[in-house]
Amino acid sequence: MRNKFLTGSEGETHLLGYYIACRFKGIKTFLLVGDLGVGKTVFVRGFCSFYGIEYIRSPSFLVINRYNGINHADLYRIDSWEDIYTSGIMEILDREILLVEWGEKLLPFIKGIPYILIRFKSINENTREITVDRVPS
């Protein structure tokens, strides 16, 4: 299943995150892929607001932030499989909700686990094309 969305503001990207959280309640792993500044963290804020979590900080330096059963990871600074294993992500994977920025780095480690792949592409300063694919196990 593939859905493509265009958002024209941070507010719309936030709202799309909320919608995806509502739409895919049974899925635990969400991989977000896209360049810096395309709205991945804004999307995560919207996703988490569905669960009543209003304050989300970027996990760029911590790798994983945890919010009442929701885990927000940022693999931007992860360079090796050793870094993946020592980050704590493998202990969370498919047990709790996990949203992963720079999620393409986790792809080799999630065989057999259903996930949602969300690709972000900047069209112009305000517009984003966001593609959502449900990937079966």
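The shortest side-chain heavy-atom distance between Leu75 and Ile84 falls under the 4.5 Å cut-off. Looking at heavy atoms from C-beta onward, Ile92 lies in side-chain contact with Arg66 at the 4.5 angstrom threshold. Between Phe43 and Thr7, the closest side-chain pair of non-hydrogen atoms is not below 4.5 Å. The closest side-chain heavy-atom distance from Thr41 to His72 is below 4.5 Å. A heavy-atom distance below 4.5 Å is not found between the side chains of Val135 and Leu31. No side-chain heavy atom of Asn68 sits under 4.5 Å from any side-chain heavy atom of Tyr51. Looking only at side-chain heavy atoms (C-beta outward), Tyr115 and Leu106 stay at 4.5 Å or farther from each other. Annotation: side chain of Phe30 is not in contact with side chain of Val44 (no heavy-atom distance under 4.5 Å).
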Check: After noting the C-alpha distance and the side-chain angles of Lys4 and Glu129, does the key distance pass the side-chain contact (heavy atoms from CB on, under 4.5 Å) rule?
Finding: CA-CA 7 Å; Lys4 191 178 288 189; Glu129 179 183 279; 3.8 Å; yes

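For the salt bridge (Lys or Arg N to Asp or Glu O under 4.0 Å) test, residues two or more places apart in sequence or in another chain that qualify with Asp133 are Arg2, Arg119.
Here the CG-NZ distance, from Leu99 to Lys28, works out to 13.5 Å after rounding to the nearest 0.5 Å.
The two residues Leu98 and Ala73 make their nearest non-hydrogen contact at CD1-CB, 4.2 Å. Contact between Phe120 and Gly39 at its shortest, heavy atoms only, is CE2-O, 3.8 Å. For the pair Ser49 and Glu54, the tightest heavy-atom approach, listed with the atom from each and the gap, is CB-OE2, 3.7 Å. Of all the heavy atoms in Glu12 and Gly8, the pair that sits closest is OE1-N, 2.6 Å.
Residues Trp81 and Tyr76 share a hydrophobic cluster, clusters being chains of Ile/Leu/Val/Met/Phe/Trp/Tyr side chains in contact below 4.5 Å. There is no path of hydrophobic side-chain contacts, each under 4.5 Å, that joins Val42 to Ile130.
Checking each of Val33, Ile78, Leu32, Asp74 against Trp102 for a side chain to side chain contact (heavy atoms under 4.5 Å, CB included) leaves exactly one that passes, namely Asp74.
In terms of modelled atom types and a separation under 3.5 Å, the side chain of Lys40 and the main chain of Val100 share no donor-acceptor contact.
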